[in-house]
2 protein chains.
Amino acid sequence: MPPDAPPTCDPQTDLTADAQPDRFQRAREAQAVALLEDYVEMIGDLIAEHGEARVADIAQRMGVAHPTATKAVSRLKREGLAVSRPYRGVFLTEDGAALADRVRQRHRVVVDLLVAVGVPRETAELDAEGIEHHVSDATLHAFEGFLDAKG
Amino acid sequence: MPPDAPPTCDPQTDLTADAQPDRFQRAREAQAVALLEDYVEMIGDLIAEHGEARVADIAQRMGVAHPTATKAVSRLKREGLAVSRPYRGVFLTEDGAALADRVRQRHRVVVDLLVAVGVPRETAELDAEGIEHHVSDATLHAFEGFLDAKG
DNA sequence: TTCGAAATGTAGCCAGGGCTTTATTCCGTG
DNA sequence: CACGGAATAAAGCCCTGGCTACATTTCGAA
Ligand SMILES: [Mn+2]
Ligand SMILES: [Mn+2]
Ligand SMILES: [Mn+2]
Ligand SMILES: [Mn+2]
């Protein structure tokens, strides 16, 4: 080891270092469900607008090819969030619809908070699409509290 | 179509619907670089603490098995962010070190902003690990402005 | 100086989430 | 009511990012 090497162990930084694996695993987990959340929310939108969600529309809104959307729908069905029959539209289960509502509301709160702290609406809308999936219930409540106090 | 079906086309909602594919693609892109950002920042931490980043330490901090860390390091090397020789520690390139610094600073700002709007520090630290990767430069500047105005 | 434990590398598996290409089904129109 | 175009499904490819199992190298202690 070179003579000017930093100390091998610093109890101060080691405390936060120990917590890192859990933080990262939590972030990975959130990212794994992010896609499902976006699909469910968006399928809810399509159903509200058109009465049903067709695979072609889902693919177009997500900006993916239709086989990609079909695969995603399969995962949603496997998770009990959606139902569909061959060559028919996709619909949400009770669980799926409830999740869609929660996700939509959280999205709105995140955008509102970003705007409230000075982020341009357009940018807020863009960034919120990714941020929302990492906002825990505790943070969401804090956001709502802040918005209430400000409004 | 059932008689009570919603209208097929609502120009108001269609406006936001048209923008959605780009939003989602942007979020997917951000998520693709998120892992690299976390690795680079964390490798920078290890180098600062120990003078080098060993694969075993990287794996432990990320909460993954060591071959997973090895693969990630390969990607970092391919992206020109890190260098290493077989059975030796991992080091950051100039680009890698610069990215690590940016990422570390952004992480700090995000945590500070969350705390400033009322999120408990512990929760802020957890959520920031995922949120940070979706915070654009514009949003980051807004965060800094808000923190300045408040402090 | 040797040798065994620990670190690192390699191979190969899996699931997720993209894609293109090809087959099948549906449905509005003629 | 038949048919052709559009929608859907199915098959199969790629890359990422996890994993386990096994091979190789390093290095400190005996
Ligand atoms: Mn989203
Ligand atoms: Mn959303
Ligand atoms: Mn992170
Ligand atoms: Mn971070």
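Chain naming here is simple, since letters A, B, ... match the order of the sequence lines and numbering starts at 1 in each. Just so you know, these numbers use all the heavy atoms, side chains as well, and skip hydrogens, waters and symmetry mates.
- Spacing between atom NZ of B:Lys77 and atom P of C:dT8 amounts to 13 Å, rounded to whole angstrom units.
- We find that CD of B:Glu79 is positioned 14 Å from C1' of D:dG17, with the value rounded to whole Å.
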When the side chains of residues 94-103 of chain B are checked against the rest of the protein, which donor-acceptor pairs come out under 3.5 Å, sequence neighbours left out?
residue  : atom : partner  : partner atom : Å
B:Asp101 : OD1  : B:Arg104 : NH1          : 3.2

Once base and sugar-phosphate atoms are separated, protein heavy atoms under 4.0 Å mark nucleotides 3-15 of chain D, 5' to 3', with B, S and - as ----SBSBB----
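- In this structure, B:Glu37 atom CD and D:dT16 atom C1' are separated by 16 Å, rounded to whole Å.
- Separating the CG atom of A:Leu35 from the C1' atom of D:dG17 is a distance of 15 Å, rounded to the nearest angstrom.
- Of the side-chain N and O atoms in A:Thr68, none sit less than 4.0 angstrom from OP1 or OP2 of C:dG17.
- Counting heavy atoms from C-beta outward, A:Asp45 and B:Gln20 have side chains that approach closer than 4.5 Å.
- For the pair B:Gln25 CD and C:dG17 C1', the interatomic distance rounds to 14 Å; values are reported in whole Å.
- Using a 4.0 Å cut-off, no side-chain N or O of B:Arg28 falls inside it from OP1 or OP2 of C:dG17.
- Between the CE atom of B:Met62 and the P atom of D:dT16 there is a distance of 16 Å, rounded to whole Å.
- Rounded to the nearest 0.5 angstrom, A:Asp38 CG and A:His133 NE2 are separated by 3.5 Å.
- Expressed to the nearest 0.5 Å, how far CD1 of A:Ile58 lies from CD1 of A:Ile43 amounts to 4.0 Å.
- Taking atom CD on B:Gln31 and atom C1' on D:dT16, their separation rounds to 10 Å, with Å as the unit.
- With respect to B:Asp112, the salt bridge (Lys or Arg N to Asp or Glu O under 4.0 Å) criterion is satisfied by exactly one of B:Arg121, B:Lys150, B:Arg106: B:Arg121.
- B:Gln25 CD: more than 12 foreign heavy atoms inside a 6.0 Å radius.
- At the heavy-atom level, A:Ala72 lies nowhere under 4.0 Å from the strands shown.
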